[in-house]
Number of protein chains: 2
Amino acid sequence: MIARRGVRGLRVGELAAEAGVSTSLIYYHFTDRAGILRRTLEFISDRADRYTAERDPGQGLGPDPVDPRTELAQVLLLELQDTPEVRENSTAWGELRASAVFDADLREDVAKATHTWVHEIADLLAHARPTGTAPAHAAAAERLTALLEGLSVRWLSGSLPLEHARALLADAIEAELDHA
Amino acid sequence: MIARRGVRGLRVGELAAEAGVSTSLIYYHFTDRAGILRRTLEFISDRADRYTAERDPGQGLGPDPVDPRTELAQVLLLELQDTPEVRENSTAWGELRASAVFDADLREDVAKATHTWVHEIADLLAHARPTGTAPAHAAAAERLTALLEGLSVRWLSGSLPLEHARALLADAIEAELDHA
DNA sequence: GTCTATAATACGATAGAC
DNA sequence: GTCTATCGTATTATAGAC
C-alpha cells in the first residue's frame with residue numbers, strides 16, 4: 001500500500017480493508033502507524049536481500065561462475081526494473097527514505113539499511129577490482145548506490161525513462177570499474 | 001513550511017497561522033492544497049536560479065573570470081551546504097520530487113524543472129570539456145544531478161554526513177571531467 | 001482581500017465483547 | 001486474535017459578511 005499510495009497516502013483503515021481485517025487488528029499487530037512503517041522497512045530490506053541472492057537462479061553449479069564485474073552490474077541494475085516486486089520495493093524504499101527526513105524514529109533504521117547495502121556493493125567492487133583500496137571501494141559504492149537512488153526516484157516520478165536510467169547507471173558502473 | 005514539516009506535514013491552517021492570516025485567505029490565493037505545492041515548486045526553482053547566478057558576488061570585473069571546471073564544481077556543490085536557504089531549497093525539492101511519484105499534477109512541473117536544471121549543467125560541462133559531444137554532456141549532466149539528488153536526500157535523512165557527501169560529489173565531478 | 005464561522009468528513013486510536 | 005462500535009480531534013474546504 002505504501003508503494004501504491006505513498007507514506008503520505010497510507011491509511012490504516014484502507015490497509016485493513018485491503019487485508020480483509022478490521023482496523024483494530026492492524027493496531028493489535030503493529031501498535032501504531034509508525035509501527036507499520038518500521039515493519040515495512042524490515043520487509044523490503046529482507047525481500048531485496050532475497051531477490052539479490054536469487055538472481056540468476058538457472059545455474060548453481062560450481063562456486064561463483066559469474067564474472068565479478070558482471071555480477072556487480074547485475075545487482076545494481078536489478079533495482080531499475082519494471083517488475084511489480086522491484087517497482088514496489090523501489091517505491092517503498094524511496095518513500096521511507098523521504099519520510100526519514102522528517103521522522104527521527106525512521107532515520108536510524110534507514111541509515112542502517114543504507115549502510116548494509118553500501119557495504120554489500122563495496123564487497124562486490126572489491127572482487128571486481130582487487131587492486132583498489134578499501135576506502136576507494138567504499139566511496140565508489142556510496143556514489144553508485146546514491147546515483148541509483150537518484151535515478152530511481154527520477155524514473156518513478158516520471159522525469160526519466162527507465163531504459164535511459166539503466167544506461168546512465170551502466171555507464172557509471174563501467175567508469176568506476178575502469179577508474180582505479 | 002514544506003521544508004520544515006514536509007509535504008506530508010503541511011497543514012493549511014498552520015501555514016496560515018505562520019503567515020498571520022486566516023485559513024481562507026490561503027485558499028483565496030492558492031485555490032487548494034495542490035496550488036500551494038505548485039507555487040512552492042515555482043518559488044524554489046526561481047530561488048535556485050537566483051542564488052546560482054549570484055554565487056561569487058565579490059568580483060564582477062571582466063567576463064567569465066572563473067575557470068569553467070571550477071564554475072561547474074561550484075554550482076553543483078552549492079546545493080550541498082548547510083545554510084538555511086540551501087537546506088530549505090534542497091528539502092523542499094526532495095519533498096516535491098517524492099510527492100510527484102504519487103501526484104500526477106506535480107509530475108509534469110517537476111520533470112520540467114529537472115530538464116531545465118540538467119540542461120544548465122550540460123552547458124557548463126560543454127564549456128569545461130569542449131572536446132566532448134553534446135549527448136555525452138547531457139548524459140554526464142544527468143548522472144551528476146541525479147547523484148547530487150541521491151546524496152542530498154541521504155544527507156537530509158541522516159544517512160551521510162554533509163562533508164562526506166560533498167567529497168563524493170567533488171570526486172564524481174572530477175571523474176566526469178577527466179573522462180571524455 | 002480579508003475575516004469569522006462552520007460544514008463535512010477523514011483519520012488515528014481505543015474500549016470492550018467474544 | 002479478532003471483531004464492532006465509537007471517541008475525539010484534525011483537516012480540507014466553503015459560505016457569507018465586511
Side-chain angles (χ1 to χ4, degrees), chain A residues 1-47 88 91-110 157-158, chain B residues 1-47 88 91-110 157-158:
Chain A
M1 285 225 51
I2 288 172
R4 263 204 320 275
R5 326 268 290 212
V7 167
R8 298 165 181 73
L10 173 67
R11 300 290 169 254
V12 182
E14 265 182 65
L15 176 63
E18 175 112 353
V21 299
S22 68
T23 302
S24 49
L25 190 59
I26 302 294
Y27 283 97
Y28 177 80
H29 284 291
F30 294 93
T31 306
D32 56 12
R33 203 174 179 283
I36 301 172
L37 303 189
R38 275 194 306 276
R39 301 271 294 266
T40 302
L41 182 52
E42 286 174 35
F43 175 78
I44 62 173
S45 297
D46 290 352
R47 191 165 68 170
E88 201 175 273
T91 308
W93 174 250
E95 276 293 288
L96 291 169
R97 160 84 69 204
S99 300
V101 174
F102 304 98
D103 181 342
D105 286 347
L106 223 43
R107 267 203 282 275
E108 195 181 343
D109 290 338
V110 169
S157 64
Chain B
M1 286 225 48
I2 289 174
R4 266 205 319 276
R5 326 267 289 212
V7 167
R8 294 168 188 72
L10 173 68
R11 300 289 168 254
V12 181
E14 264 182 67
L15 176 62
E18 175 110 352
V21 300
S22 67
T23 301
S24 49
L25 191 59
I26 302 295
Y27 283 97
Y28 177 79
H29 284 291
F30 295 93
T31 307
D32 57 12
R33 204 173 179 283
I36 301 172
L37 303 188
R38 274 193 305 276
R39 303 271 295 263
T40 302
L41 182 51
E42 285 173 34
F43 175 79
I44 62 173
S45 297
D46 291 352
R47 189 164 71 170
E88 204 175 271
T91 308
W93 173 250
E95 277 292 289
L96 291 169
R97 160 84 68 204
S99 300
V101 175
F102 304 97
D103 182 342
D105 286 347
L106 224 42
R107 267 203 282 274
E108 194 180 344
D109 290 338
V110 168
S157 64

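Within every chain, numbering begins at 1; the chains are lettered A, B, ... in the order of the sequence lines, protein sequences first and strands thereafter.
- Applying the side-chain contact (heavy atoms from CB on, under 4.5 Å) rule to T91(B) yields the partners V101(A), F102(A), A3(B), R87(B), L156(B); only residues at least two apart in sequence or on another chain are considered.
- Taking E42(A) as the reference, nothing meets the salt bridge (Lys or Arg N to Asp or Glu O under 4.0 Å) condition, with sequence neighbours excluded.
- The OH atom of Y27(A) sits 19 Å away from the P atom of dG1(D) (whole-angstrom rounding).
- Remark: R5(A) engages M1(A), E14(A) in a side-chain contact (heavy atoms from CB on, under 4.5 Å) (not counting sequence neighbours).
- F43(A) has its side chain out of reach of R39(A): every pair of non-hydrogen atoms, C-beta onward, lies at least 4.5 Å apart.
- Minimum heavy-atom separation, D109(A) to D105(A): OD2-O, 4.3 Å.
- As a whole-Å value, the separation of L15(B) CG from dA10(D) P is 18 Å.
- Residues of residues 28-42 of chain B that place a heavy atom closer than 4.0 Å to DNA chain C, in numerical order, are Y28(B), H29(B).
- Taking the side-chain hydrogen bond (donor to acceptor under 3.5 Å, both in side chains) definition, one finds that E108(A) meets it with nothing, sequence neighbours left out.
- The minimum heavy-atom distance between I36(A) and L10(A), with the atom names listed, is CG2-CD2, 4.0 Å.
- Using a 4.0 Å cut-off on heavy atoms, the residues of residues 5-14 of chain B that approach DNA chain D are L10(B), R11(B), V12(B), listed by number.
- Using a 4.5 Å heavy-atom threshold, the side chains of I44(B) and I2(B) count as separate.
- Within the structure, salt bridge (Lys or Arg N to Asp or Glu O under 4.0 Å) pairs that include any residue of residues 17-38 of chain B comprise R4(B)-E18(B) (at least two apart or interchain).
- Remark: A100(B) engages S157(A), L106(B), R107(B), V110(B) in a side-chain contact (heavy atoms from CB on, under 4.5 Å) (not counting sequence neighbours).
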Using the 3.5 Å cut-off, write out each protein N or O paired with an N or O of nucleotides 3-6 of chain C and the distance between them.
{"from": "dC3(C)", "atom 1": "OP2", "to": "S22(B)", "atom 2": "N", "distance (Å)": "2.9"}
{"from": "dC3(C)", "atom 1": "OP2", "to": "S22(B)", "atom 2": "OG", "distance (Å)": "3.0"}
{"from": "dC3(C)", "atom 1": "N4", "to": "S24(B)", "atom 2": "OG", "distance (Å)": "3.1"}
{"from": "dT4(C)", "atom 1": "O4", "to": "S24(B)", "atom 2": "OG", "distance (Å)": "2.8"}

Show me, pair by pair, the donor-acceptor contacts under 3.5 angstrom made by side chains of residues 23-31 of chain A, not counting sequence neighbours?
{"from": "S24(A)", "atom 1": "OG", "to": "S22(A)", "atom 2": "OG", "distance (Å)": "3.4"}

Please enumerate all protein N or O atoms sitting under 3.5 Å from an N or O of nucleotides 7-9 of chain D, with distances to 0.1 Å.
none

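- In plain terms, the two heavy atoms of R8(A) and R11(A) that are nearest each other are O-NH1, 3.2 Å.
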